[in-house]
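Working notes, beginning with the structure itself.
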2 protein chains.
Amino acid sequence: MQNLSKNQQIIFDLIDKSPEPLKAYTILYNVQKKGIKAPLQVYRALDKLVQIGKIHKIESRNAFIACHNSSCQVAKATAFSICEICEKVTEISSAGLSKYLANFKDKDGMKYSKYNLEFFGLCKKCR
Amino acid sequence: MQNLSKNQQIIFDLIDKSPEPLKAYTILYNVQKKGIKAPLQVYRALDKLVQIGKIHKIESRNAFIACHNSSCQVAKATAFSICEICEKVTEISSAGLSKYLANFKDKDGMKYSKYNLEFFGLCKKCR
DNA sequence: TAACACTATGTAATAATATAACATATATTA
DNA sequence: TAATATATGTTATATTATTACATAGTGTTA
Ligand SMILES: [Zn+2]
Ligand SMILES: [Zn+2]
Ligand SMILES: [Zn+2]
Ligand SMILES: [Zn+2]
């Protein structure tokens, strides 16, 4: 587990303490006072953080959330629930689900160790 | 099953005959000769086509693919495999998988009838 | 038919998301 | 030290998507 660089740490801290997924430019606005001035600086840190599993990208929302699955063993096998009203996003950690998906074989008998699953519905509060 | 409007039909035809997912602006360039001149015209048709399940959006690629699951009964429950080398995308239609996911319950006992799953790996040719 | 609601279209402008290209600096390792 | 890899800074630009406003067509029903 490598240490984070300065920019990576700043951006990870912001995402980690956010109760909701953050978008790249929201992140940019919030770290400008810390000296990160350009989009590319944000995107580079995001890329790295995604790569090492500290954060995940919510593809349908173009937003980023910190991993809370004990610094994701499954950086490449992610599942989320997304509330269609309040946009609350929760990372799903289910041994059953990840086992099922990791063992799933398509028609050609092909298995996939990497996947991203996004469930949509209404959260407890919005139901 | 409603009929498609003129723009919707033009854009669906293009996507339907494409062997690969198409991006919005690629679509735009390809339909300009048919009188569709602005991005919004494309996005509006895409939105509608997604809504009625004739096409699906590949979220991780910002691209659109025609549904070939007999005009998708499962417009809201989609699964794809994506080759990380050649970018070939295939819609997965597996009764087992859709049943498993439709019945999946999260920690709160919540079920989700809508989801999008993207598997990543190497296709037959690229392996 | 006329009124209404609904869906679709046309057009211009702009917002939001992401990358290319190039220069420099810092950390790691041999 | 030298070599290598990783990270940063900066400017410009590419790509993806929406807002706002005006108009036209389609279907329903009073
Ligand atoms: Zn995680
Ligand atoms: Zn909610
Ligand atoms: Zn389909
Ligand atoms: Zn391939």
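Convention: sequence-line order gives letters A, B, ...; per-chain numbering from 1. The figures that follow rest on heavy atoms only: side chains count, while hydrogens, waters and symmetry mates do not.
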Ignoring backbone atoms, test whether Q41(A) places a side-chain nitrogen or oxygen under 4.0 Å from the OP1 or OP2 oxygen of dT10(D). no
Please produce a list of atom pairs where a protein N or O lies less than 3.5 Å from an N or O of nucleotides 13-19 of chain D.
residue, atom, partner, partner atom, Å
dT16(D), OP1, K23(B), NZ, 2.4
dA17(D), OP1, K57(B), NZ, 2.7
dA17(D), OP1, N62(B), OD1, 3.4
dA17(D), OP2, Y43(B), OH, 3.2
dA17(D), N7, Y25(B), OH, 2.8
dA17(D), N6, Y25(B), OH, 3.1

Is it true that the side chains of N30(A) and Q32(A) contain a donor and an acceptor less than 3.5 Å apart? no
Using whole Å, what does the distance between atom C1' of nucleotide dA8(C) and atom CD of Q51(B) come to? 13 Å
Which distance, rounded to the nearest 0.5 Å, do you find between the CD1 of I55(B) and the CD1 of I11(B)? 8.5 Å
Please state how far atom CD1 in I10(A) lies from atom C1' in dG9(D), giving the value in whole angstrom units. 13 Å
Tell me: CG of L46(A) to P of dT19(C), nearest whole Å? 10 Å
Is there side-chain contact between K48(B) and K54(B), with heavy atoms separated by less than 4.5 Å? no
Residue-phosphate contact under 4.0 Å: K37(B) side-chain N/O, dG10(C) OP1/OP2: no
With Watson-Crick and G-U wobble geometry limited to distances under 3.5 Å, how should the secondary structure of DNA chain C be encoded in dot-bracket form, using | for bases paired to another strand and [ ] for crossing pairs? ||||||||||||||||||||||||||||||
I92(B) vs T78(B) side-chain heavy atoms within contact, under 4.5 Å: no
Taking atom P of dT17(C) as reference, at what distance in whole Å does atom CD1 of I27(A) sit? 11 Å
Every protein N/O lying under 3.5 Å from an N/O of nucleotides 24-27 of chain D:
none

For the side chain of D106(B) and the backbone of D108(B), is there at least one donor-acceptor N/O pair under 3.5 Å apart? yes
Hey, what's the ring geometry for Y25(A) with Y29(A), parallel, tilted or perpendicular (30° and 60° as the breaks)? perpendicular
Which atom of A79(A) lies closest to which atom of L97(A), heavy atoms considered: CB-CD2, 3.9 Å
Within this structure, what is the CD-to-C1' distance between Q8(A) and dT6(D), rounded to whole angstrom? 9 Å
Looking only at side chains, do Q9(A) and N7(A) share a donor and an acceptor under 3.5 Å apart? no
Check the phosphate of dA7(D) against K6(A), side-chain N and O only, distance under 4.0 Å to OP1 or OP2. Yes or no? no
Backbone N or O of S94(A) within a donor-acceptor pair of the S98(A) side chain at under 3.5 Å? yes
Side-chain donor-acceptor pair present, E91(A), H68(A), cut-off under 3.5 Å: no
Could you state the CG-P distance from L4(A) to dT6(D), rounded to the nearest angstrom? 15 Å
Respond yes when some side-chain nitrogen or oxygen of S5(A) is under 4.0 Å from OP1 or OP2 of dT8(D), and no when none is. yes
Spacing of N7(A) atom CG relative to dA25(C) atom P, expressed in whole Å: 16 Å
Write down the distance between CG (N3(A)) and C1' (dA7(D)), rounded to a whole number of angstrom. 14 Å
Can you name the closest pair of heavy atoms from Y112(A) and S81(B) and give their distance? OH-CB, 3.2 Å
Donor-acceptor pair between S60(B) and E59(A) side chains, under 3.5 angstrom: no
